[in-house]
Amino acid sequence: MVTYGVDRIAEYKDLLSGGRVALLTSITGRSSKNESTIDILGRMCHLTALLGPEHGVRGDQAAGALTGDYTDPATGLPVFSLYSAAGKRLRPEILDKFDVLVYDIQDVGLRFYTFLSTLCNMVEDCAGAGKRLVVLDRPNPLGGHVVEGGILQEAYRSFVGCRPAPVRYGLTAGEFARMVNQREQLGCDLHVVPCGGWQGESFPAWGQIWQMPSLGLPTFEGAALYAGTCLFEGTALSEGRGTAAPFRIIGGPGMDGERLVKEFAALSLPGVTATPVYFVPAASKHQGTACGGLMLHVTDFHALRPVAMGVALLDLFQRLYPEQSGFLPPVEQGGRPFISLLTGCGDFVPGWDPRAVLDRWARESAAFASEKAAYHLYERCGL
């Protein structure tokens, strides 16, 4: 069975000794025995503060919801939000609370998931403030072998794309933090408490329960498909938010599920199939409106290439339903469309060429796959 960094924290307790400790965590911060990392650190060190990313320390905040600071009712500790109107960095009042920052969050292994941006901010901020950063590592649910998507271009850097890496980057949080620290010569006093027994396997091989990182990803299947279906957040189509299967259901008002499924099957994409679905989103886009679409099912995770699938599916919807499937305009005047922030490039405009995009992305991801090996902390064996 694969274990987590928090399961091995007793072996590295000296990293936490002699000072005040703050913990940056989420609802996924739990050991293999399903014990909260908050409780574990509370017993073994001088825990002085909790820090919360998007969705909050306890996972009780909605996607994209800015939250303020408060006192944790369970522990009495101050909770500082790193996803607030005050910003997403370590403010002076937060830095004053600790000497050592511990990071323990289960990520999903995708560039646009904001936990990664929060981690990178911590590497920068701890380096600048002379604070120690300890990452309690966790495996990448999508595995450590496959890399997909294009390298994020600097013009499209944002909180859903913080570093020049592909969408699916094949590194753990600890490995990614190590890469950022070394590549950018930040000089952070960074320490990674490693996982146990992980050799690059995807989640089904871990022998662990799925701890959903947010309400939008209640299952591993949804997380695997999210690598591609997240692109639909940049369109007028529903990506399934407000249904029982977010990021597995895609569609919109007046669409024919049967037709979509037949056209999707003709693409012969590996590792995935689809069934017709008709739904009424309870929240988000098209809330309260009857919609038609398709529901995706993973048939072979190892064969599945979800990023390429997402591009092909987006092209399919825009060919069949061009009026309903357009890209959303920027939220702010003069800003960049969300589809460009998600993809990390400016290719997704009317008349875009899916084949040209995928060909370039294949070259870029292959180059990154070779480069990232220098930052591996774990041997990759098999798939």
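- Ion pairing between K262 and E258 fails under the 4.0 Å rule for side-chain N and carboxylate O.
- The closest donor-acceptor contact from the side chain of K131 to the backbone of L101 lies at 3.5 Å or more, if one exists at all.
- When atom types are taken as modelled, the side chain of Q318 and the backbone of S325 share a donor-acceptor pair closer than 3.5 angstrom.
- A donor-acceptor contact shorter than 3.5 Å links the side chain of R20 to the backbone of D96.
- In the hydrophobic clustering of this structure, V146 does not group with L358; members are Ile, Leu, Val, Met, Phe, Trp, Tyr whose side-chain heavy atoms approach within less than 4.5 Å, directly or through other members.
- Hydrophobic clustering (side-chain heavy atoms under 4.5 Å, transitive across Ile, Leu, Val, Met, Phe, Trp, Tyr) groups L82 together with L190.
- There is no path of hydrophobic side-chain contacts, each under 4.5 Å, that joins F159 to I105.
- Taking a cutoff of 4.0 Å between a charged side-chain nitrogen and a carboxylate oxygen, K88 and E54 do not qualify as a salt bridge.
- With hydrogens and angles disregarded, no donor-acceptor distance shorter than 3.5 Å links the side chain of S340 to the backbone of R336.
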Chi angles and distances behind the salt bridge (charged side-chain N to carboxylate O under 4.0 Å, His left out) call for D315, R319: CA-CA 6 Å; D315 177 59; R319 284 190 286 108; 3.1 Å; yes

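- In this structure, the side chain of S81 engages the main chain of T67 through a donor-acceptor pair within 3.5 Å.
- Ion pairing of D7 with K33 is absent here, as no side-chain N (NZ or NE/NH1/NH2) approaches a carboxylate O to less than 4.0 Å.
- A single hydrophobic cluster is seen to contain both L50 and Y70, as judged by linkage of ILVMFWY side chains at heavy-atom distances under 4.5 Å, directly or through other members.
- Look at D359 and R363 and you find no salt bridge, because none of the NZ, NE, NH1 or NH2 atoms lies under 4.0 Å from a carboxylate O.
- In this structure, CG in D104 is found 8.0 Å from OG in S26, a value given to the nearest 0.5 Å.
- Formation of a donor-acceptor pair under 3.5 Å by the D107 side chain with backbone atoms of A173 is not found in this model.
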side-chain hydrogen bond (donor to acceptor under 3.5 Å, both in side chains) assessment of Y378 paired with D137: CA-CA 11 Å; Y378 312 93; D137 213 5; 2.7 Å; yes

Verdict with supporting geometry, T118 and N121, side-chain hydrogen bond (donor to acceptor under 3.5 Å, both in side chains): CA-CA 5 Å; T118 296; N121 283 354; 5.6 Å; no

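- Panel note: side chain T299, backbone G271; a donor-acceptor pair is recorded below 3.5 Å.
- The existence of a salt bridge linking R163 and E124 is confirmed by a sub-4.0 Å separation between a basic side-chain nitrogen and an acidic carboxylate oxygen.
- E148 pairs with exactly one of R111, R305, R168 by the salt bridge (charged side-chain N to carboxylate O under 4.0 Å, His left out) rule, that one being R168.
- Put simply, CZ on F368 and OH on Y169 are 9.0 Å apart, with the number rounded to the nearest 0.5 Å.
- The hydrophobic clustering, which links ILVMFWY residues whose side-chain heavy atoms are closer than 4.5 Å, places F98 and V102 together.
- Remark: the backbone N or O of C195 is not paired with any side-chain donor or acceptor of R138 at under 3.5 angstrom.
- Ion pairing between a basic and an acidic side chain is recognised when a charged N comes within 4.0 Å of a carboxylate O; R178 and E175 show no such pairing.
- A donor-acceptor contact shorter than 3.5 Å links the side chain of T48 to the backbone of K97.
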Solution key, residues 220-237 side-chain donor-acceptor pairs under 3.5 Å, sequence neighbours excluded:
| residue | atom | partner | partner atom | Å |
| --- | --- | --- | --- | --- |
| E221 | OE1 | R248 | NH2 | 3.4 |
| E221 | OE2 | V298 | N | 2.7 |
| T229 | OG1 | L225 | O | 3.1 |
| T229 | OG1 | F247 | O | 2.9 |
| E233 | OE2 | R241 | NE | 3.0 |
| E233 | OE2 | R241 | NH2 | 2.9 |
| T235 | OG1 | F232 | O | 2.9 |
| T235 | OG1 | L237 | N | 3.1 |

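- Listed for the Y321 side chain is a donor-acceptor partner under 3.5 Å among the backbone atoms of D256.
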Salt bridge (charged side-chain N to carboxylate O under 4.0 Å, His left out) assessment of E201 paired with R380: CA-CA 8 Å; E201 308 96 327; R380 268 67 165 169; over 6 Å; no

